[in-house]
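By convention in this document, chain letters (A, B, ...) are assigned in the order of the sequence lines, proteins followed by strands, and residues within each chain are numbered from 1.
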Amino acid sequence: MSAVETKSSNFIKTRVEEDIKTNKYEGRVHTRFPPEPNGYLHIGHAKSICLNFGLAEEFEGGLCNLRFDDTNPIKEEEEYVKSMIEDIHWLGFDWGDRLYYASDYFDQLYEWAIQLIKDGKAYVDSMSADQIREFRGTLTQPGKESPYRNRRVEENIELFERMRAGEFEDGTHVLRAKIDMTSPNLNMRDPVIYRILHAHHHRTGDKWCIYPMYDWAHGQSDSIEGITHSICTLEFEAHRPLYEWFLEALGVYQPEQIEFARLNLNYTVISKRKLLQLVQEDKVDDWDDPRMPTLSGLRRKGYTPQSIRVFADRIGVAKSDNMVEIALLEHCLREDLNYSALRVMAVLNPIKVIITNYPEDKEEDLEAVNNPEDEDAGTRMIPFSREIYIERDDFREDPPRKYFRLAPGAEVRLKHAYYITCEKVIKDPASGEITELYCTYDPKSRGGWTDDGRKVKGTLHWVSAQHAVNAEVRLYEHLFLKENPDDIKEGKDFHFYLNPDSLKVLKQCKVEPGLVHASVQNRYQFLRQGYFVVDSKDSKPDALVFNRAVSLRDSWARIERSQNLDQK
RNA sequence: UGGGGCGUAGCCAAGCGGAAAGGCACCGGGUUUUGGUCCCGGCAUGCGGAGGUUCGAAUCCUCCCGCCCCAGCCA
């Protein structure tokens, strides 16, 4: 990452800067990230987290709270709270002692509801949900007032108290704000602010059987916390007048709400509802399946917090609907890992090579650079011997044009080791499959170099057969085959586009011996292949499992593809 | 056909009346003991469209077109 790169500006940052200049909120900057604990955080949340916490970091004295919007006990669970806390910390953000819950404010919210009733600005409606819907009108037709709309204040108070006391069944009454049933903004047509829900809440237990609606809780929660800039996504834009109406009716502090467009990523889905479906239907292992765009999934796959933060910064913040290419996310990871990942050799699809002129009982240790991008990473010794494994794809019996890997009669370099030349191909007579390659090496090329001006263009990775450690390697592809799985044709839904080959498991991999000590903390570059990390759930010291975080760019694959195209 | 938003390259996105930033992707070339990295070059006579204002318009005005959100006792 270049140090001179400056963070690009965005309209929210500009607004905050203006507010500071004009001394609105006494120059304070106080944001918050307000997730509902009803699922796991995903890359879209990361955008919001980086925005909110980033703003607080960027401005002198800025603060960002973490607040769980837990107003619906039916969907929310403690497990999600825990995972969200872990994920945000993992990204590298902290909220100090400012961890809040909307449920912290249930008493205050109830008091405010009473106040609204007393002011004649709220009433208990006893129509059914269906009736309320009918009375709301449509996009083009105004709504009608509920027959209960003009109950006396005392009656409303009494009914609301009895709602709270648990005297009524779910759905029999609601508390509504008395605004305007003819408003062109449907959110202003007497929105429901309390509903009866005889449900156990993860924090308040059974204290309440009425729960505030999000609209009633959200703006006031921001107000209570003294939030200056309430940043949220576009779909809440039409709710802003409502939040302002509440805050004005209550006569309390009013934050500034700013809306931005949520992130969409191609070849995946980003919505807690759909991700939950994938988990429940066993389309993936769990929320942290490496194919999931969840933060826990990306973490398990090998993503670094830094790469995600850089990504969040590069995609920018604006108000237009967008669909970001996942290639950008992958680029950010490669960029980060290129500087930090230790290079090791691992053969994913092994084919045995026997070096016929190398003494049978000999073995030697060769020095290998750990990271050419970082001299401080030093070197390590790796064992070499007569029999080694190379990648099956690094040999072609009938090499195509521009192929400069191993082929009959061809000479290649074994990285850090020797030049070898292929002399003979051994096949299984039954299947025709190549089983072994007989090669000779040039003893003068130790370390992988000679000064005789010989041109050896291909360089292969390898692992000494007798020293190799077995490992399982999991290769991941996009979860969906279609760029936008939500762009559905008649009778189909996003399931239709699930990629059946999104996970490929290789069980016969051979990795260099030092990798038995591989730790989840480290990401490795398997030379010439990609970046890999030890799987945090399934890997064991005697049964290593690696996940591919992202492949290396592969310009040979591109050449080959265009060659194939030429032939057609 | 109510209200609220949004249209700048294949994908993001700056720009806010004075010569269209940047990143990704893509295409060339160079370096290379990773076909990686890195380096160099290319990539919008054009800003949804049409008019208008202006010496000058992506930026201001008018009209038109397209896309997104809102009719949960979800958030």
Side-chain angles (χ1 to χ4, degrees), chain A residues 5-6 8-11 14 34-36 38 69 71-72 74-75 125 128-129 132-134 136-143 170-176 182-189 191-197 211 213-215 217-218 232-241 259 261 263 266 272-273 313-332 334-335 338-339 343 345 369 372-373 402-405 413-417 419 445 447-449 456-461 483 525-530 551-560:
Chain A
E5 186 176 327
T6 51
S8 62
S9 190
N10 65 59
F11 76 102
T14 305
E36 182 192 14
N38 68 340
D69 252 314
T71 55
N72 186 350
I74 293 165
K75 290 190 187 173
D125 197 345
S128 69
I132 288 177
R133 189 183 318 117
E134 271 174 47
R136 188 153 29 226
T138 68
L139 295 179
T140 50
Q141 288 172 305
D170 289 5
T172 53
H173 307 275
V174 290
L175 186 69
R176 290 229 257 170
T182 68
S183 172
N185 181 348
L186 302 223
N187 298 119
M188 302 298 273
R189 317 240 264 229
V192 171
I193 59 179
Y194 265 98
R195 72 295 213 183
I196 301 171
L197 241 36
Y211 290 92
M213 296 291 289
Y214 172 85
D215 280 347
H218 193 74
C232 62
T233 42
L234 249 29
E235 67 269 29
F236 295 106
E237 205 153 22
H239 294 239
R240 191 178 350 125
E259 308 85 7
L263 169 69
N266 65 182
K272 278 192 277 188
R273 205 196 95 245
D313 191 59
R314 296 226 173 117
I315 56 176
V317 179
K319 296 190 72 161
S320 51
D321 292 327
N322 61 80
M323 169 81 73
V324 175
E325 291 176 349
I326 203 161
L328 178 58
L329 214 211
E330 294 173 343
H331 164 82
C332 292
R334 288 193 191 102
E335 179 181 57
N338 177 47
Y339 286 94
R343 271 61 170 175
M345 295 203 283
V369 172
E373 304 296 325
K402 291 185 187 169
Y403 184 87
F404 45 83
R405 277 118 91 147
R413 168 171 37 243
L414 295 177
K415 180 82 174 175
H416 306 307
Y419 295 167
S445 62
W449 186 252
V456 177
K457 200 148 191 220
T459 301
L460 311 187
H461 57 277
E483 270 210 65
Q525 184 193 106
F526 285 5
L527 222 65
R528 303 206 300 135
Q529 303 191 106
S551 65
L552 250 31
R553 291 184 64 198
D554 186 352
S555 57
W556 165 245
R558 207 164 301 165
I559 292 168
E560 204 173 24

Classified by glycosidic angle (syn within 90° of 0, else anti), B:rG72 comes out syn
Go through the side-chain N and O atoms of A:Thr459 and A:Arg413 and say whether any donor and acceptor fall under 3.5 Å apart. yes
In whole Å, I'd like the distance from the NE2 atom of A:His239 to the C1' atom of B:rC69. 9 Å
When you check the phosphate oxygens OP1 and OP2 of B:rC26, does a side-chain N or O of A:Arg553 lie under 4.0 Å from one of them? yes
Given the P atoms of B:rC61 and B:rU1, what is the spacing between them in whole Å? 22 Å
Once you round it to whole Å, what is the distance between P of B:rC27 and CD1 of A:Ile559? 10 Å
In whole Å, what separates the P atom of B:rC12 from that of B:rG48? 14 Å
Expressed in angstrom and rounded to an integer, what is the separation of A:Leu186 atom CG from B:rG5 atom P? 15 Å
For A:His416, answer base if it contacts any base atom (sugar-phosphate contacts may also be present), sugar-phosphate if it contacts only those atoms, and nothing otherwise; contact means non-hydrogen atoms under 4.0 Å. base
Taking only the side-chain heavy atoms of A:Arg195 (C-beta and beyond), determine which of B:rC74, B:rG36, B:rC12 contains the nearest atom. B:rC74
For A:Pro372, report the nucleic acid contact type (base, sugar-phosphate, nothing); a contact means any heavy atom under 4.0 Å. base
With a cut-off of less than 4.0 Å, is there a side-chain N or O of A:Arg133 near OP1 or OP2 of B:rG72? yes
Measuring from the side chain of A:Ser555 (C-beta onward, heavy atoms only), which nucleotide among B:rG35, B:rC70, B:rU34 has the closest atom? B:rG35
Could you work out which one of B:rG36, B:rC69, B:rC70 sits closest to the side chain of A:Asn338? B:rG36
Nearest-nucleotide check on RNA chain B, A:Ser128 vs A:Met323; residue mapping nearer the 5' end is A:Met323
Is it the case that the base of B:rU34 and the side chain of A:Gln529 share a donor-acceptor contact (distance under 3.5 Å, atom types as modelled)? no
So A:Met188, base contact, sugar-phosphate only, or nothing? Heavy-atom distance under 4.0 Å. nothing
Send over the distance from A:Asn266 CG to B:rC11 P, rounded to a whole Å. 11 Å
Remember a base hit wins even if backbone is also touched, and classify A:Lys402 as base, sugar-phosphate or nothing at under 4.0 Å, heavy atoms. base
For A:Arg558 and B:rC27, is the shortest distance between a side-chain N/O and OP1 or OP2 below 4.0 Å? yes
Select one nucleotide: of B:rG72, B:rG2, B:rA13, the one nearest the side-chain heavy atoms of A:Asn322. B:rA13
Are any side-chain N or O atoms of A:Arg334 and backbone N or O atoms of A:Ser551, one a donor and one an acceptor, separated by less than 3.5 Å? yes
What nucleic acid atoms does A:Lys415 come within less than 4.0 Å of, heavy atoms only: base, sugar-phosphate, or nothing? base
Looking at A:Ser320, does any N or O in its side chain come under 4.0 Å of the phosphate oxygens OP1/OP2 on B:rC67? no
Between B:rC12 atom P and A:Leu263 atom CG, what is the distance in whole Å? 10 Å
Do the side chains of A:Arg553 and A:Glu330 get close enough for a salt bridge, i.e. N-O under 4.0 angstrom? no
Under 3.5 Å, side chain of A:Thr233 to main-chain N/O of A:Glu235, donor-acceptor pair present? no
So what does A:Val456 touch, heavy atoms closer than 4.0 Å: a base, only the sugar-phosphate, or nothing? nothing
Which of the following nucleotides, B:rG2, B:rC73, B:rG35, is nearest to the side chain of A:Val174? B:rC73
Is any side-chain N of the basic residue among A:Lys272 and A:Glu36 closer than 4.0 Å to the acidic one's carboxylate O? no
Any strand is fair game: report the nucleotide pairing with B:rC67 by Watson-Crick or G-U wobble, both distances under 3.5 Å, or none. B:rG5
Can you check whether A:Tyr211 reaches A:Thr71 side chain to side chain, under 4.5 Å on heavy atoms? no
Output yes when at least one side-chain N/O atom of A:His331 is less than 4.0 Å from OP1 or OP2 of B:rC24, else no. yes
Sort out for me which residue in A:Arg189, A:Arg176, A:Arg195 forms a salt bridge (Lys or Arg N to Asp or Glu O under 4.0 Å) with A:Asp125. A:Arg176
Expressed as a whole number of Å, how far does the P atom of B:rC47 sit from that of B:rU59? 9 Å
Same-atom distance (C1') from B:rU8 to B:rA21, integer angstrom: 12 Å
Using a 4.0 Å heavy-atom cut-off across all strands, classify A:Arg413 as base, sugar-phosphate, or nothing. base
Sugar-phosphate, base or nothing in reach of A:Ala318, heavy atoms under 4.0 Å: sugar-phosphate
5'-most contact on RNA chain B (nearest-nucleotide basis), A:Thr138 vs A:Ala238, goes to A:Ala238
Does A:Lys319 come within less than 4.0 Å of A:Glu237, counting only side-chain N to carboxylate O? yes
Think A:Ser183 has a side-chain N or O under 4.0 angstrom from the OP1 or OP2 of B:rG2? no
Check the orientation of A:Phe236 and A:Tyr214. Use parallel for under 30°, tilted for 30 to 60°, and perpendicular for over 60°. tilted
B:rC69 and B:rG56, which share atom name P, separated by this distance in whole Å: 41 Å
Any A:Arg343 side-chain nitrogen or oxygen under 4.0 Å from OP1 or OP2 of B:rU37: no
Does A:Phe404 reach a base, just sugar-phosphate, or nothing at all? Heavy atoms under 4.0 Å. base
I need the CD1-P distance between A:Ile315 and B:rC11, as an integer number of Å. 16 Å
Look at the side chain of A:Glu373 and the base of B:rG36, then say whether one donor and one acceptor between them are separated by less than 3.5 Å. yes
Report yes if a donor N or O on one partner sits less than 3.5 Å from an acceptor N or O on the other, where the partners are the side chain of A:Glu259 and the base of B:rG5; otherwise report no. no
Select one nucleotide: of B:rA14, B:rG4, B:rA25, the one nearest the side-chain heavy atoms of A:Glu325. B:rA25
Considering only B:rG23, B:rC74, B:rA71, which nucleotide approaches the side chain of A:Arg314 most closely? B:rG23
Which of these nucleotides, B:rC73, B:rU34, B:rA25, is closest to any side-chain atom of A:Val192? B:rC73
Please measure how far the C1' atom in B:rG7 lies from the corresponding atom in B:rC64, and state the result in whole Å. 14 Å
Using the C1' atoms only, state how far B:rU45 lies from B:rA20, rounded to an integer number of Å. 11 Å
For the side chain of A:Ala327, counting heavy atoms from C-beta on, which of B:rG3, B:rC24, B:rG36 is nearest? B:rC24
Just the rounded figure in Å: distance from P of B:rC70 to CG of A:Leu234. 11 Å
With both distances kept under 3.5 Å, what pairs with B:rU62, Watson-Crick or G-U wobble? B:rA50
Hey, does A:Ile132 reach any base, or is it just sugar-phosphate, or nothing, if we go heavy atoms under 4.0 Å? base
Phosphate contact (B:rG72 OP1 or OP2) by A:Arg176 side-chain N/O below 4.0 Å: no
Quick one: A:His461 NE2 to B:rU32 P, roughly how many Å, whole number? 23 Å
Heavy-atom distance under 4.5 Å between the side chains of A:Asp69 and A:His218, does that happen here? yes
Listed nucleotide nearest any side-chain atom of A:Arg405, set B:rU34, B:rG35, B:rG36: B:rG35
Between B:rU31 and B:rG49, how many Å separate the two C1' atoms, rounded to a whole number? 48 Å
